[in-house]
Every structure is written in structure tokens, then in C-alpha cells.
Amino acid sequence: MSVSDEHRRTAPAEYAGGDRHAFGPARHLRTRGKVLPEHARGHNRALVLQTLYHSGAMSRADLSRETGLTRVTISDLIAEFIADGIVIEKGVRETTGPGKPPILIDIDRQGHQILGIDLSGHQTFEGAVLSLDGEVLERRTVPRPAAVDGTAVYNAIRELAAQLVAAAERPILGVGVGAPGIVRPDGMVVSSPNLGWSDFPLQRLLGAELDLPVLVRNDANAAVLAEYTFGAAKSDLLLIKIARGVGAGLISGSQPMVGSRFAAGEIGHVVVGTDGGPLCVCGKEGCLEAWLGETRLRERLAACEDDESRENVLRDAGTRLAIAVAPIVAALDLSEIVLSGAPDLYDGVLLDAAGTTVLARTLERVFDDLIVRMTTQDDIVLRGAAVMVLSGELGVS
């Protein structure tokens, strides 16, 4: 359903919550070097915080050497960060030589917390209070409304968010939400049939409700950020998130890909093969989601009479997955495909079939080093939501 008339009347065009950035404007993922003078200060802020976040405590002189920024610039930025409560001094480094020992500085990793919300679950919406390092500190869940009712869904999310705010024990840096469907960069959910939303301004409404910075992204796009930041993934990868539906998050050249229609990674309703196949909820036959979605795949496996037929079902699903993603691998020259889903279904036979078929369908000796693997991360959408906030508020990813 579209956003209700009540929301249209009461939601302000601008507000102090959802679009506010406590420590500066939103940044692109990973800042790596110097930039034009007119953008220098914002860039340098992100560069310093990015360095501290991934390298840990160091002196101001270390930061200067690591970033290439002058000591005067570093001193000014660190003073600003300390005043804002982002960075703390952690004592002096032990030294044996002459001279005054340097003071170590680091991001105040315990000074703020992040709220993450995952709307992709079958029966519940999940939320967590997370540390700045992506550690889940507190969990909360609310039941997913039985009927597809956009208003009921939003009310459930409001309840979950309120519980998380109450559970936080530190100032909240921001709220990240991973939602299934097509989501614009401003947090407008363009289309999410499973949630009953069309052109629903979730980011704006929830930000106004909480009076906090809120960022809403597609759940698979959130998940790929978690794999990139916390999973030591390569700088060009495709993460395929499989649950009720099938979606993908893309990172190329360390930058997330969204697309002109905000639909990059919407591979679930790509028809794989020319031999028909199971009827999809979208009305087409043979969509990847119909072959690979968890519920449908478990139903087909339950109908199998022996291990051989079970393996055939899994192998066929893995092959269909590879048919969908092989052109993406070739077009974007990707180094890694990562699956996020139930290991008992997608690891093993299905994963092996997908890897073998992708290599068979791409140029020999060019993609031989392609990695096809399962993620090792739990809570991947919640942790990705934390990265969204870190990136949006601090320029860190």
C-alpha cells in the first residue's frame, strides 16, 4: 500500500531527525587519499576517522604519517573530534628513548551505540543495539504482522525501535534499517510487496518519530556492507542474500552500487533458463527466487524420496543461481561471490554446483581465481545497518 493520508499530512518535509548527521555530511565508502581543496575538510575528517577505526590507537604523529596530512591539520581535527565526543586520548605509549612519550588517541568505541533493524525475517522483525565495532549488545524482536498491511508493519517497527532506544546505554549515533524491496538513497521504500509498501518514506517518518539520524537501505545492500567491513571481503564482490526472497548487494572498486533505478542487485525475479519452472509470486515461471528461495527449496526437498534426488534438487538450484550471476561476474569483473542463507541448504552441494557452473560459463583462465563461498557472519543485516550509520555519520566503513 502507499503511505497513508495521515502520514502525508503530518510528516514534515524537513526535520531534525532522519536527515541530520551529527558529525558531518554523509560520506562515500572508503576514503583513501587527498582530494580537491573545496572538499578537503570533510574528506580529511573521514580519512582520519577511517584510519583510526581500522588501525586502532596511535599517536597524532602516527596519524600524520599514515594519512599524509600535516601535523597541524591532524591536531585541529583531533581537537574537534575530542570536543564532539568521537575520539578519546588513551594514555601514553611506553617508550625507552629520550623525549616526551606520545599520547595515544582512538575512536571512543564505547562512547556511542548504534541501533540496527532487520525487516527481512519470515516471522519476526529483529533489532539490536550494537557497538561501533559491530558487536551485538542487546537484541529485541517483534512479531511480523500476519497480514501484509503497510500500516501494521510500520507500527511494529515503531514499537521495535522504541524498545531499542530504551535498551541503549550510550548516546545513539544513529539507526540503520535493512528492508526488502527497492529503496532510494533517501530512504524512500519505492516498492516492498512483502511489507505492503509503495513509495513509503520510512527513513523520514522513523527519523521524525525517534528524533535520531535514520538510514534505510535494501537488506541485501546492508548485508554486503557488513561483509565488506567486518568480513574482510575483497573490494569487488556480489553478496546474494537468500531468505523468503533472493536479493543481491554489489560492491565494485570499494563503492556500493545502487543503480539509476535503485534496483541494482534485484536478481530474484530474473528468469533462469528457457525451460519454464516453478511459478513465482510475481506471476512469471522460473524466476531465480522460485528456484532458490528458502521456503520453496525446502518444500521441494521435503518431497524427495532419497538422498540422490535431494542432491539433484540442490545441484539444479545451484546451477540456476550460476546462470543468473555469471553474466554479472563477467560484466563487472568480480572477484568474489558470497552467499548468505541457511547453511544446511546453501552450503555443500548447491554452493559447489554454483561455483563450478560460474567458471564453466565465464572466460577460461580469466576468472579461475573467482571465490564462491558462504558468509561466516551472523546477524549480517543488523551489522550492515551499523556500517550504514558509521558511513553516514562518521565516514567510516
Side-chain angles (χ1 to χ4, degrees), residues 14-32 35 39 41-55 77-88 105-118 127-137 161 164-165 168-179 183-187 202-218 221-226 228-230 254-256 258 381-397:
E14 298 293 336
Y15 62 93
D19 292 331
R20 185 186 65 213
H21 296 283
F23 304 118
R27 313 289 184 207
H28 291 297
L29 283 176
R30 292 213 183 155
T31 302
R32 296 192 178 276
V35 76
H39 306 301
R41 184 163 185 82
H43 173 93
N44 291 343
R45 284 171 60 91
L47 178 60
V48 168
L49 292 173
Q50 179 83 9
T51 303
L52 284 173
Y53 185 81
H54 288 286
S55 298
L77 289 173
I78 294 304
E80 182 180 322
F81 292 148
I82 290 175
D84 286 341
I86 311 170
V87 167
I88 55 173
I105 55 174
D106 195 5
I107 288 179
D108 185 1
R109 299 172 192 268
Q110 307 305 318
H112 290 82
Q113 293 175 339
I114 296 171
L115 308 185
I117 297 175
D118 178 4
V129 179
L130 300 103
S131 72
L132 298 194
D133 289 320
E135 177 188 1
V136 173
L137 305 173
L164 294 173
V165 169
E169 297 180 347
R170 296 286 188 274
I172 297 169
L173 184 64
V175 183
V177 182
V183 184
R184 287 191 337 211
D186 64 356
L202 179 59
Q203 180 170 304
R204 179 165 61 82
L205 293 174
L206 195 59
E209 183 86 28
L210 302 177
D211 192 28
L212 288 168
V214 173
L215 292 168
V216 179
R217 299 292 182 266
N218 170 269
N221 289 341
V224 77
L225 297 182
Y228 179 63
T229 297
F230 300 124
S254 296
Q255 297 295 314
V258 178
V381 175
L382 294 175
R383 301 187 85 205
V387 179
M388 286 157 44
V389 173
L390 286 169
S391 181
E393 296 299 307
L394 302 183
V396 168
S397 64

For this session: Output the distance between atom CG (Leu52) and atom CD1 (Ile88), rounded to the nearest 0.5 Å.
Result: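 CD1 of Ile88 is found 11.0 Å from CG of Leu52.
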Exercise. Is any side-chain heavy atom of Val183 less than 4.5 Å from a side-chain heavy atom of Val258?
Worked result: no
For this session: Enter the distance from His112:NE2 to Ile107:CD1 here, rounded to the nearest 0.5 Å.
Result: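 Result: 11.5 Å between the selected atoms.
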Exercise. Got a second to check how far Leu132's CG is from Ile114's CD1, nearest 0.5 Å?
Worked result: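 That separation rounds to 5.0 Å.
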For this session: Measure across Ala385 and Gly116 and return the closest heavy-atom pair with its distance rounded to 0.1 Å.
Result: CB-CA, 3.9 Å
Seminar exercise, completed: Minimal heavy-atom distance between Ala223 and Val381, with the atoms involved, is CB-CG2, 4.3 Å
Seminar exercise, completed: The reported gap from CZ in Arg109 to CD1 in Ile86 (rounded to nearest 0.5 angstrom) is 13.0 Å
Exercise. Which atom pair, heavy atoms only, marks the closest approach of Leu130 to Gly134?
Worked result: CD2-O, 3.6 Å
Problem set entry | Interatomic spacing from CG in Leu215 to CG in Leu202 - rounded to 0.5 Å |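 Reported to 0.5 Å precision, the distance equals 11.0 Å.
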Exercise. Are side-chain heavy atoms of Leu173 and Leu390 found at a separation under 4.5 Å?
Worked result: yes
Problem set entry | Which atom of Leu164 lies closest to which atom of Gly127, heavy atoms considered | CD2-C, 3.7 Å
Exercise. How about Phe81 and Val48: do any of their side-chain heavy atoms sit closer than 4.5 Å?
Worked result: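 Of all side-chain heavy-atom pairs linking Val48 with Phe81, at least one is under 4.5 Å.
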Problem set entry | Under 3.5 Å: donor-acceptor pair, side chain of Ser391, backbone of Val387 |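 Not at all, since once roles are kept as given, no pair shorter than 3.5 Å links the two residues.
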Problem set entry | Residue among Leu205, Val389, Leu115, Val175 satisfying side-chain contact (heavy atoms from CB on, under 4.5 Å) with Val214 | Val175
Exercise. Does the side chain of Tyr53 come within less than 4.5 Å of Ser397's, by heavy atoms?
Worked result: no
Exercise. Is there side-chain contact between Leu77 and Arg41, with heavy atoms separated by less than 4.5 Å?
Worked result: yes
Exercise. Is a side-chain donor or acceptor of Gln113 paired with a backbone partner of Val129 at a separation under 3.5 angstrom?
Worked result: no
Problem set entry | N/O donor-acceptor pair under 3.5 Å between Arg383 side chain and Glu135 backbone | no
Exercise. Are Val165 and Leu212 close enough that some pair of their side-chain heavy atoms sits under 4.5 Å apart?
Worked result: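 When only atoms from C-beta onward are counted, Leu212 and Val165 do touch, with a gap below 4.5 Å.
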Exercise. Distance from Gln110 atom CD to Leu137 atom CG, nearest 0.5 Å?
Worked result: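 Rounded to the nearest 0.5 Å, the CD-CG separation comes out at 8.0 Å.
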